[in-house]
Amino acid sequence: MGLLFSTSLRLAVVTTALFSAGACTGQFSPGSEPVQWAADSSTVRTAAGTHYDRSAVWQLFWGKHYRELWATPVTAPVLRLGAATPNGPLLPLQAGGSYQSRTLRLQAPTGQQYVLRSVDKDASRALPEGWRRQLLGGLMKDQTSVIQPYGAYVAAALADAAGVYHANPRLVFLAADTTLGKFRKDYANALYLLEERPDGDQRLTPSFGRSPRVVSTAKMLADIHQRPGSYVNARAHLRARLLDIWLGDWSRREDQWRWASFPGPGTTEYRPIPRDRDQAFFLFNDGVLTRLVSWVVPRYQSFRGRIKLGDVEALTHTARALDRSILTSLSDEDFRQVADSLRLRLTDALIDQALQAGPPETRARVTAYFGPLLKARREQLPAVALRFRRELTREAWIVGTDRPERFVLSATGKAGQLRVQHLVRPAAGPDSLVGDYQLSVRHTRRLNVYGLGGDDVFELHGRLRPGFAVGLHGGNGKDEVQGKNLRETRGITWYTSSNPDPEAPAGVRVKLDPERALNYNASSWLGRYKLDD
């Protein structure tokens with residue numbers, strides 16, 4: 001959920017003291033919900049969170065959210081790790097999770113790994129120990145109710161309909177068997193989502209593209225910025241990002257992704273696997289005070305039938321660095337085509353079918369509530385996609401590799417238009433085009449071209465006065481800036497990192513790169529991303 005209320009604690013302190021007076025400070029722990037066991041002990045009936053059932057006055061100020069779904073008892077199969085597979089137990093390997101989720105990594109006798117992710121969360125762990133946690137911990141715990149507890153089910157089914165890779169979560173109740181070992185106390189007797197862990201060889205998993213190797217974002221980024229032959233399928237990433245917007249899933253930082261790799265002769269293609277759909281269908285601003293908080297923290301956008309174009313920036317901000325690294329190569333027409341394809345693919349029938357995912361006890365309410373909203377949001381995807389591109393190209397990035405490259409910047413004949421060609425310079429043979437970009441002063445305020453490592457050449461052609469600032473970041477290597485017919489050139493700066501005596505054409509400013517520690521090479525470039533994965 002991000003650091004919920006991290007920029008708005010002052011709004012909460014007084015109201016929490018007045019309205020809760022400590023009544024909401026109790027923390028949920030496994031086994032605290034009432035459980036009804038089936039006669040054969042194969043299933044249980046329990047609610048994900050009756051502790052979110054609050055008074056009408058409390059809900060007026062802090063939101064109704066999805067409290068009814070959290071308080072609804074559902075039936076779930078019991079998972080006993082010792083008897084989980086015909087070949088042997090699922091063995092717990094490692095506890096983990098963010099500050100709000102509990103996760104437990106499991107391994108089958110076949111070597112296949114799975115992850116248990118707690119349905120209930122606790123964002124209060126983001127607070128430091130002390131008075132702030134004592135005063136605000138219960139409030140932040142209460143705001144877990146902004147999450148649709150079984151939204152991951154629906155999100156996976158909708159991702160499948162959209163043609164986006166996904167995990168396949170199953171709701172289970174983790175029994176307290178001896179196989180849990182040291183994890184028994186903290187993890188047993190609670191609801192979890194059990195799903196495949198997207199990592200390593202996944203040739204037997206269709207929903208991961210049957211990739212022979214699924215990797216983390218850090219490994220993907222390191223590869224594509226070290227080898228020109230490695231790349232992300234930008235249209236596949238755009239489809240996944242439009243799905244995020246459609247689902248209202250704003251929490252898509254870099255460690256919320258895995259990448260299916262597909263090697264070929266001299267190349268590797270990567271395609272995204274979104275994971276951890278906790279924030280899909282986020283519903284926050286339906287209380288007096290939570291609405292005030294959403295004004296202070298714009299990314300806390302609630303899932304409604306209308307996607308306001310002004311909210312697209314906030315909805316996509318968390319993954320901005322990753323998006324700029326991948327999507328700059330796509331044109332307006334590419335964005336239109338992907339959005340139209342997604343809109344046409346997500347038919348009413350597929351949406352209705354996807355909404356049947358999840359516990360039977362909640363399906364009727366989920367279908368009645370989310371069906372009309374999803375269908376209305378679907379029709380807005382083309383307009384939203386273009387607004388998304390405007391947000392990305394306002395500050396555009398073109399990122400190279402640690403190999404020698406050539407970046408050709410050319411005026412296209414109209415004031416305020418700039419074309420950038422990205423070419424690889426092999427040791428033998430002609431240069432090879434790997435990227436071709438068109439930018440306009442109508443939508444761009446700044447362009448940064450990052451050469452990273454290698455001896456790079458930046459070529460400037462024509463009447464270069466695009467109307468927006470251009471930064472050429474050489475990085476590590478003996479870089480050059482060359483110019484031809486640079487009439488009235490302005491707004492271009494060469495930021496050097498390692499050149500001892502840089503010589504630039506007239507009209508190009510030269511400065512020491514203030515971010516050279518990040519722009520030096522492919523390894524240092526990773527410092528731009530949140531990679532706790």
Side-chain angles (χ1 to χ4, degrees), residues 1-2 4 24 27-36 43-54 59 62-77 79 97-104 115-124 140-159 166-174 187 189-195 247-251 275-284 286-287 290 300 302-303 354-371 373-374:
M1 207 188 308
L4 190 58
C24 189
Q27 303 301 310
F28 174 79
S29 60
S32 65
E33 291 290 343
V35 176
Q36 297 178 352
T43 63
V44 300
R45 184 172 174 81
T46 186
T50 56
H51 41 284
Y52 299 122
D53 187 10
R54 305 292 297 175
Q59 294 185 39
W62 294 109
K64 183 178 179 181
H65 306 333
Y66 294 114
R67 298 176 191 275
E68 290 185 8
L69 289 178
W70 282 98
T72 300
V74 298
T75 302
L79 175 65
S98 67
Y99 58 82
Q100 63 174 309
S101 294
R102 293 190 313 277
T103 68
L104 190 62
V115 175
L116 283 168
R117 292 194 299 115
S118 60
V119 172
D120 199 9
K121 320 291 180 185
D122 186 1
S124 69
M140 291 186 70
K141 177 70 181 81
D142 174 78
Q143 290 302 297
T144 298
S145 56
V146 303
I147 299 170
Q148 210 274 57
Y150 311 110
Y153 271 110
V154 177
L158 291 172
H166 58 89
N168 299 282
R170 290 181 291 152
L171 183 68
V172 298
F173 183 87
L174 183 61
Y187 284 82
N189 296 323
L191 289 172
Y192 291 85
L193 294 180
L194 174 68
E195 60 188 29
L247 297 177
D249 191 352
W250 56 267
S251 180
R275 63 173 190 155
D276 295 354
R277 286 292 190 188
D278 291 339
Q279 308 308 326
F281 314 111
F282 190 82
L283 180 57
F284 182 66
D286 58 344
T290 55
Y300 295 151
S302 288
F303 185 84
L355 291 171
Q356 297 305 302
E361 294 88 347
T362 65
R363 287 175 189 169
R365 272 177 290 174
V366 165
T367 301
Y369 180 76
F370 289 103
L373 301 182
L374 285 167

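Counting begins at 1 with the first residue of the sequence.
Contact check for V74 versus R45: no side-chain heavy atoms found under the 4.5 Å cut-off. Within the 4.5 Å cutoff, no side-chain heavy atoms of V146 are placed close to those of L283. Residues L191 and L174 are not in side-chain contact: their nearest non-hydrogen atoms beyond the backbone lie 4.5 Å or more apart.
Here the shortest heavy-atom pairing between A71 and T50 reads O-CG2, 4.1 Å. Across every non-hydrogen atom of Y150 and P359, the tightest pair is CG-CD, 3.7 Å. Considering all non-hydrogen atoms of both residues, G63 and D286 come closest at CA-OD1, 3.4 Å. When every heavy atom of A167 is checked against every heavy atom of A156, the shortest pair comes out as O-CB, 3.6 Å. What you find for A47 and W70 is that their closest heavy atoms are CB-O, 3.5 Å. The two residues R67 and W62 come nearest to each other via the heavy atoms NH2-O, 3.7 Å.
Remark: the D120 side chain and the Y52 side chain contain an N/O donor-acceptor pair separated by less than 3.5 Å. Checking D142 against H51 by side-chain atom types alone, no donor-acceptor pair falls below 3.5 Å. Inspection of the T72 and R365 side chains reveals an N or O donor paired with an N or O acceptor under 3.5 Å. A side-chain N or O of H65 and one of Q143 form a donor-acceptor pair less than 3.5 Å apart. Side chains of T367 and Q356: a donor-acceptor N/O pair is present below 3.5 angstrom, by distance only.
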For side-chain contact (heavy atoms from CB on, under 4.5 Å), just list the numbers for Q36 and T46, CA-CA rounded to whole Å, side-chain angles, deciding distance to a tenth of an Å, and then say yes or no.
CA-CA 6 Å; Q36 297 178 352; T46 186; over 6 Å; no
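In R170, the CZ atom is not crowded: 12 or fewer heavy atoms of neighbouring residues, nucleotides or ligands sit closer than 6.0 Å.
A donor-acceptor pair is defined here as one N or O able to donate and one able to accept, closer than 3.5 Å; such a pair exists between the side chain of E361 and the backbone of T75. Without hydrogens or angle criteria, S118 side chain to R102 main chain gives a donor-acceptor distance under 3.5 Å. No side-chain donor-acceptor contact under 3.5 Å links E33 to the backbone of A190. Judged purely by atom type and a 3.5 angstrom limit, K141 uses its side chain to pair as donor or acceptor with the backbone of K121. Y192 places a side-chain N or O within 3.5 Å of a backbone atom of Y187 that can act as its donor or acceptor partner.
Here the OG1 atom belonging to T43 is positioned 11.0 Å from the CZ atom belonging to F173, to the nearest 0.5 angstrom. How far CD1 of I147 is from CZ of F282: 7.5 Å, rounded to the nearest 0.5 Å. Taking NE2 of H166 as the reference point, atom CD of E195 lies at 11.0 Å (rounded to 0.5 Å). Here the straight-line distance linking atom CG of L116 with atom CG of L79 works out to 6.0 Å at 0.5 Å rounding. One distance of note links CG of L171 with CG of L193; it measures 6.0 Å at 0.5 Å rounding. Interatomic distance, Y369 OH to F281 CZ, rounded to the nearest 0.5 Å: 10.5 Å.
Partners of D276 under the salt bridge (Lys or Arg N to Asp or Glu O under 4.0 Å) rule, at least two apart in sequence or in another chain, are R117.
Checked against the 6.0 Å centroid threshold, F284 and F303 do not count as a close aromatic pair.
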